[in-house]
Amino acid sequence: MRRENMKKIADYDTINYDYSTYWKRREYEHLAEVLALKKLLKDSSGNWFLDIGGSYGRLLPTYYDNYNNPVIIDYSLKTLQKNYSNIKRDFPNTYLIAANAYHLPFKDNSFNGALTVRVLHHIVKPDNYFKEIYRVLEGDSIYIQEFANKLHIKAVIKSLFSLNFSLFKPGPYQQPDKGHHEGSRKHVKVPFYNYDVKWIRENLKQVGFVVKKKLGCSFLRLNLFKRIFSLKQLLFFEKLSQNLLSFTNIAPSIFLKLLVRKESSKKHIKKLEDILVCPKCKDSLNFTKNKATCSSCREEFLKKDNIWDFRV
Ligand SMILES: C[S@@+](CC[C@H](N)C(=O)[O-])C[C@H]1O[C@@H](n2cnc3c(N)ncnc32)[C@H](O)[C@@H]1O
Ligand SMILES: [Zn+2]
């Protein structure tokens, strides 16, 4: 993949990519992730919860009952607009906001919990990304970070057989483009990276997160297993593997449950407008019905079909 063709942000709207289509015939992977998240979120609850790159709300059922005010942010305004009615029908307390995860339109310490699932492969600068998430989370909140594990067992075996050792260098590994990456097309390429557990843990630690738990996920993501076993059997073995094998790093997807270590006073925020700020300069906003204007840099942000557009 030539770097000059690559966009810095995976903007699904430029190619009208409907991400929900990706989940057709991937029920096992979806339910394996739900299983992992339910386990990690079991004892967590609070007021404001942020699903970063939450798209059409696939994971809402895993956190909706635990938090009073779930907020989905996503760079794809079209996805949020298209799914607004369905999400509001099934999960009425949810807010949908178009925003860039690198520049969140929220005050410091606004949220009591957050998660990022299947987004980090699009993130070129995880350190900046983690800092921004840490900023908007209150002290003692939990954060769940999922990422594609470049050193999963199948990838390691494949690399060894093909004598391609680039996978084993520390840090991000850019997946070779086979022409079908999420959000990419022939002439529009978006970032697509896999990471290793040690490197991600180190980066999260430097920002101020403390790792509380690690879970492997999608242990049986192999066509052979999918042909042999029924969905029920796959999920039975998945549950067993999540319980027994998560101390290894063999799974293709890794979930880390993190705690935010910082001092911050408890807030009792009632309205969305009370946590919104200008994503550029983080100063306060003046609201009219469908427009928010920054009191400092004067940047204007519009509400488009019920969705605030804070993308910068
Ligand atoms: C592969 S999808 C995953 C969606 C959802 N988290 C899930 O697991 O079902 C990646 C999502 O991340 C969003 N995204 C990518 N880069 C982003 C950024 N910089 N800021 C906000 N959203 C971003 C995309 O628009 C897309 O909806
Ligand atoms: Zn501003």
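Note that the structure is a prediction, hence the values are computed from the model and not measured.
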Participant: If you measure from CG on L258 to CZ on F255, what distance do you get to the nearest 0.5 Å?
Facilitator: 12.5 Å

Participant: Does Y173 offer a backbone N or O that forms a donor-acceptor pair with the side chain of N194 under 3.5 Å?
Facilitator: no

Participant: Minimum heavy-atom separation for S264 to G139, with atom names?
Facilitator: OG-N, 2.8 Å

Participant: Would you please indicate yes or no on a ring centroid separation below 6.0 angstrom for Y129 and H122?
Facilitator: no

Participant: Measuring from S76:OG to D11:CG, what's the distance to the nearest 0.5 Å?
Facilitator: 7.0 Å

Participant: Taking D196 first and then K150, would you say they form a salt bridge - that is, a charged N and a carboxylate O separated by under 4.0 Å?
Facilitator: yes

Participant: Validate the cation-pi geometry between R311 and Y75: distance from NZ or CZ to the six-membered ring centre under 6.0 Å, angle to the ring axis within 45°.
Facilitator: yes

Participant: Say you draw a straight line from CG of L272 to CD1 of I97; how long is it, rounded to the nearest 0.5 Å?
Facilitator: 4.5 Å

Participant: After noting the C-alpha distance and the side-chain angles of L224 and F229, does the key distance pass the side chain to side chain contact (heavy atoms under 4.5 Å, CB included) rule?
Facilitator: CA-CA 9 Å; L224 177 68; F229 300 120; over 6 Å; no

Participant: To check you understand the geometry: which heavy-atom pair defines the closest contact between N93 and P70, and what is its length?
Facilitator: O-CD, 3.7 Å

Participant: Working note: V260 + I142, criterion side chain to side chain contact (heavy atoms under 4.5 Å, CB included); need CA distance, chi angles, decisive distance, verdict.
Facilitator: CA-CA 6 Å; V260 175; I142 61 133; over 6 Å; no

Participant: In sequence, state the C-alpha distance, the side-chain angles, and the governing distance for R118 and E33, and then conclude on salt bridge (charged side-chain N to carboxylate O under 4.0 Å, His left out).
Facilitator: CA-CA 10 Å; R118 290 183 176 256; E33 290 176 13; 2.7 Å; yes

Participant: Are V34 and Y28 linked, directly or through other ILVMFWY residues, by side chains that come within less than 4.5 angstrom of each other?
Facilitator: no

Participant: Would one find more than 12 heavy atoms of other residues, nucleotides or ligands at under 6.0 Å from atom CZ of F236?
Facilitator: no

Participant: Tell me, with the steps shown, if L285 and E273 meet side chain to side chain contact (heavy atoms under 4.5 Å, CB included).
Facilitator: CA-CA 9 Å; L285 295 163; E273 281 75 11; over 6 Å; no

Participant: Any ion pair linking K257 and E146 (charged N to carboxylate O, less than 4.0 Å)?
Facilitator: no

Participant: Among all residues two or more places apart in sequence or in another chain, which pass the ring pair (Phe, Tyr, Trp, His ring centres under 6.0 Å) test with Y63?
Facilitator: F49

Participant: Under the salt bridge (Lys or Arg N to Asp or Glu O under 4.0 Å) rule, collect the residues that match up with K291, sequence neighbours excluded.
Facilitator: E300

Participant: Examine the side chains of K304 and N290 and answer whether a donor and an acceptor come within less than 3.5 Å of each other.
Facilitator: no

Participant: What is the minimum heavy-atom distance between R58 and V117, and which atoms define it?
Facilitator: NH2-CG1, 4.0 Å

Participant: When F91 is tested against each of Y84, Y56, Y67, Y64 for ring pair (Phe, Tyr, Trp, His ring centres under 6.0 Å), which residue passes?
Facilitator: Y64

Participant: Between V197 and V210, is there shared hydrophobic-cluster membership here, with clusters defined by ILVMFWY side-chain heavy atoms closer than 4.5 Å?
Facilitator: no

Participant: What's the separation between atom NZ in K205 and atom CZ in R261, rounded to the nearest 0.5 Å?
Facilitator: 9.5 Å

Participant: Give a yes or no on whether K262 atom NZ has more than 12 heavy-atom contacts from other residues, nucleotides or ligands under 6.0 Å away.
Facilitator: yes

Participant: Does the T62 side chain pair with the main chain of K38, one donor and one acceptor, at a distance under 3.5 Å?
Facilitator: no

Participant: Classify the side-chain pair N112/N47 by whether it contains a donor and acceptor separated by less than 3.5 Å.
Facilitator: no

Participant: Measure the spacing between CD of E27 and CG of L235 and express it to the nearest 0.5 Å.
Facilitator: 8.5 Å

Participant: Does the pair K82/D18 count as a salt bridge with the N-to-O cut at 4.0 Å?
Facilitator: yes

Participant: Would you say the side chains of S162 and N164 form a donor-acceptor pair under 3.5 Å?
Facilitator: no

Participant: Quick one: closest heavy-atom pair of L80 and I307, and the distance?
Facilitator: O-CD1, 3.8 Å

Participant: Determine whether L104 and I73 make a side-chain contact, defined as any pair of heavy atoms from C-beta on separated by less than 4.5 Å.
Facilitator: yes

Participant: For the residue pair K88 and Y95, would you count it as a cation-pi contact if the rule is NZ or CZ under 6.0 angstrom from the ring centre and within 45 degrees of the ring axis?
Facilitator: yes

Participant: Passes ring pair (Phe, Tyr, Trp, His ring centres under 6.0 Å), Y193 versus H121? Steps please.
Facilitator: CA-CA 4 Å; Y193 294 98; H121 57 283; 9.6 Å; no

Participant: Please say yes or no: joined through hydrophobic side-chain contacts below 4.5 Å, possibly via intermediate residues, are I254 and V207 part of one cluster?
Facilitator: yes

Participant: Using the ring pair (Phe, Tyr, Trp, His ring centres under 6.0 Å) definition, which of the options Y143, Y134, F106 pairs with F111?
Facilitator: F106

Participant: In terms of hydrophobic clusters joined by side-chain contacts under 4.5 Å, are F310 and I52 together?
Facilitator: yes

Participant: Just wondering, more than 12 heavy atoms not from F165 lying within 6.0 Å of its CZ?
Facilitator: yes

Participant: When rounded to the nearest 0.5 angstrom, what distance separates CD1 in I200 from CG in L120?
Facilitator: 5.0 Å

Participant: Taking L96 as the starting point, is it possible to reach L77 by hopping between hydrophobic residues whose side chains are less than 4.5 Å apart?
Facilitator: yes

Participant: Could you tell me whether a side-chain N or O of N286 sits under 3.5 Å from a main-chain N or O of C294, the two making a donor and an acceptor?
Facilitator: no

Participant: Any donor and acceptor pair, going by atom type alone, linking the side chain of W308 with main-chain N or O of F301 inside 3.5 Å?
Facilitator: no

Participant: Residues two or more places apart in sequence or in another chain: which of them pass side chain to side chain donor-acceptor pair (under 3.5 Å) with R89?
Facilitator: N86

Participant: Looking only at non-hydrogen atoms, find the nearest pair between D74 and S55 and report the distance.
Facilitator: OD2-N, 2.9 Å

Participant: Can you tell whether the side chains of E132 and R135 come within less than 4.0 Å, N to carboxylate O?
Facilitator: yes

Participant: Anything under 3.5 Å between a donor and an acceptor, one on a side chain of residues 213-222, the other on a protein residue two or more places apart or in another chain? List them.
Facilitator:
from: K214; atom 1: NZ; to: S246; atom 2: O; distance (Å): 3.2
from: K214; atom 1: NZ; to: T248; atom 2: O; distance (Å): 3.0
from: K214; atom 1: NZ; to: N249; atom 2: OD1; distance (Å): 2.4
from: S218; atom 1: OG; to: R221; atom 2: NH2; distance (Å): 3.3

Participant: Distance alone, cut at 3.5 Å: any donor-acceptor contact between the side chains of N66 and S45?
Facilitator: no

Participant: Within the 4.5 Å heavy-atom criterion, are L167 and L151 side-chain neighbours or not?
Facilitator: yes

Participant: On a heavy-atom basis, which atom in L40 and which in S44 lie closest, and how many Å separate them?
Facilitator: O-OG, 4.1 Å

Participant: With sequence neighbours excluded, what pairs up with F225 under the ring pair (Phe, Tyr, Trp, His ring centres under 6.0 Å) test?
Facilitator: none

Participant: With a sphere of 6.0 Å drawn around CD of Q233, does it hold more than 12 non-hydrogen atoms of other residues, nucleotides or ligands?
Facilitator: yes

Participant: I would like to know whether L31 and L231 meet side chain to side chain contact (heavy atoms under 4.5 Å, CB included); could you show each step before the answer?
Facilitator: CA-CA 9 Å; L31 292 172; L231 180 62; 4.1 Å; yes

Participant: Who are the ring pair (Phe, Tyr, Trp, His ring centres under 6.0 Å) partners of Y195, not counting sequence neighbours?
Facilitator: W199

